[in-house]
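Reading through the structure tokens given below for one structure.
Along the sequence shown, the residues carry numbers beginning at 1. Below, each value reflects all heavy atoms present in this structure, side chains not excepted, and no hydrogens, waters or symmetry copies.
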Amino acid sequence: MRQHEREPLRPEEVKQLEEACNGGIEKAIVGILLDTGLRVSELAGLTRDSVDWGRDCLIVYGKGRAAGKLMHKRRVVPLTPRARQLLQWVFEPVGPGWDQFPRAARSIKGIIQRLANRAGIKRPCSAHVLRHTFAVRCLRAGVTLPALQKLLGHESITTTGIYLNLADQDVEREFRDKITERW
């Protein structure tokens with residue numbers, strides 16, 4: 001399956017995945033990825049200093065290119081209440097109080113695969129599928145494509161468009177909600 005053909009999780013699959021979590025670190029991985037759209041490497045690279053508690057956001061250094069050279073681009077990712085709570089559990093003294101996210105990217109990928117198996121999700125489920133799910137959820141909630149581009153850290157809006165393969169019912173609903181009533 002090519003990257004642009006990946007399907008986001010359906011709402012019932014998201015619920016199954018969340019319910020399959022045993023323990024704080026599994027809940028943190030799934031919840032933070034679903035609520036922020038971070039790349040797995042970005043999640044693994046989070047530190048206590050990545051969180052701006054006053055602004056309720058993450059400062060993320062993700063991938064990017066300039067003049068053909070790979071560089072780390074800075075972006076700001078707002079936190080949902082759940083993501084904030086999970087990050088507090090990871091980084092604050094009331095939780096484990098780690099200084100850096102406690103799992104490497106490879107470990108996170110394995111945890112997600114095991115959770116998907118435990119949840120009974122039969123189709124491909126990966127950290128990138130969770131990122132795709134975040135993107136589609138944002139679109140369904142009315143986040144604009146340019147805003148989503150910034151949230152995901154894409155240089156090109158064309159790249160963001162790859163994540164946005166909407167189901168037919170989404171297209172029909174939006175058309176009816178936004179166009180039909182005005183004609």
Side-chain angles (χ1 to χ4, degrees), residues 1-15 17-18 28-46 50-52 54-87 105 108-109 112 116 121 123-183:
M1 181 176 290
R2 292 182 304 186
Q3 177 176 325
H4 66 276
E5 294 175 341
R6 285 188 183 119
E7 292 290 326
L9 295 178
R10 294 184 297 273
E12 62 273 13
E13 291 170 321
V14 169
K15 185 175 182 188
L17 192 65
E18 291 170 339
I29 288 169
V30 170
I32 293 168
L33 289 175
L34 283 171
D35 287 10
T36 63
L38 294 179
R39 295 174 179 95
V40 68
S41 60
E42 293 168 342
L43 177 62
L46 287 181
S50 302
V51 186
D52 184 334
R55 290 177 50 202
D56 270 342
C57 64
L58 289 173
I59 308 302
V60 179
Y61 294 91
K63 68 180 189 177
R65 292 196 177 275
K69 294 183 179 180
L70 185 63
M71 35 184 312
H72 296 286
K73 294 176 14 178
R74 180 185 180 276
R75 75 178 191 278
V76 175
V77 179
L79 296 176
T80 63
R82 175 174 76 165
R84 179 187 170 91
Q85 182 179 22
L86 292 167
L87 287 162
I108 292 168
K109 290 176 184 180
I112 292 168
I121 298 172
R123 57 200 186 98
C125 184
S126 65
H128 202 80
V129 168
L130 299 185
R131 180 170 162 85
H132 192 126
T133 302
F134 167 82
V136 171
R137 288 168 103 182
C138 285
L139 183 69
R140 287 177 178 156
V143 174
T144 65
L145 204 54
L148 187 59
Q149 175 188 1
K150 296 276 279 187
L151 285 170
L152 294 173
H154 292 153
E155 254 181 59
S156 168
I157 204 153
T158 304
T159 304
T160 309
I162 291 170
Y163 291 81
L164 305 176
N165 54 332
L166 294 174
D168 290 342
Q169 64 266 24
D170 292 323
V171 175
E172 291 170 20
R173 184 191 73 241
E174 183 169 342
F175 181 81
R176 292 184 202 302
D177 290 349
K178 295 187 177 178
I179 302 299
T180 308
E181 62 196 40
R182 294 182 185 164
W183 286 0

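At least one side-chain heavy atom of Val129 sits under 4.5 Å from a side-chain heavy atom of Leu9. Contact annotation: the side chain of Val136 approaches that of His132 to within less than 4.5 Å [non-hydrogen atoms, C-beta and beyond]. Proximity of Leu17 to Leu130: side-chain heavy atoms (C-beta onward) are separated by under 4.5 Å at one or more points. With contacts defined as side-chain heavy-atom distances shorter than 4.5 Å, the pair Val76/Asp52 does not qualify.
The two residues Ala105 and Ala44 have their closest heavy-atom pair at N-CB, 3.5 Å. For the pair Ala127 and Leu33, the tightest heavy-atom approach, listed with the atom from each and the gap, is CB-CD1, 4.1 Å. Of all heavy-atom pairs spanning Asp35 and Ala83, the tightest one is OD2-N, 3.8 Å. A pairwise comparison of heavy atoms in Glu42 and Arg39 identifies OE2-NH1, 2.7 Å as the closest pair. Residue Ser50 comes nearest to Gly45 through the heavy atom pair OG-O, 4.4 Å, listed as atom of the first residue, atom of the second, then distance. The two residues Leu148 and Phe134 have their closest heavy-atom pair at CD1-CE2, 4.2 Å.
In this structure, CZ in Arg10 is found 9.0 Å from CD1 in Ile121, a value given to the nearest 0.5 Å. The CG atom of Leu152 sits 5.0 Å away from atom NE2 of His154, with the distance rounded to the nearest 0.5 Å. Note that CG of Leu46 is 11.0 Å distant from CD1 of Ile59, once rounded to the nearest 0.5 Å. Rounded to the nearest 0.5 angstrom, Leu43 CG and Arg131 CZ are separated by 12.0 Å.
A donor-acceptor pair under 3.5 Å is absent between the side-chain atoms of Arg74 and the main chain of Tyr61, judged by distance alone. Judged purely by atom type and a 3.5 angstrom limit, Arg75 uses its side chain to pair as donor or acceptor with the backbone of Leu151. With hydrogens and angles ignored, the 3.5 Å screen pairs no side-chain donor or acceptor of Arg137 with any backbone N or O of Pro8.
The number of heavy-atom neighbours closer than 6.0 Å to CD of Glu18, taken from other residues, nucleotides and ligands shown, is above 12.
Across Leu87, Leu86, Val77, a single residue satisfies side chain to side chain contact (heavy atoms under 4.5 Å, CB included) together with Thr36, and that is Val77.
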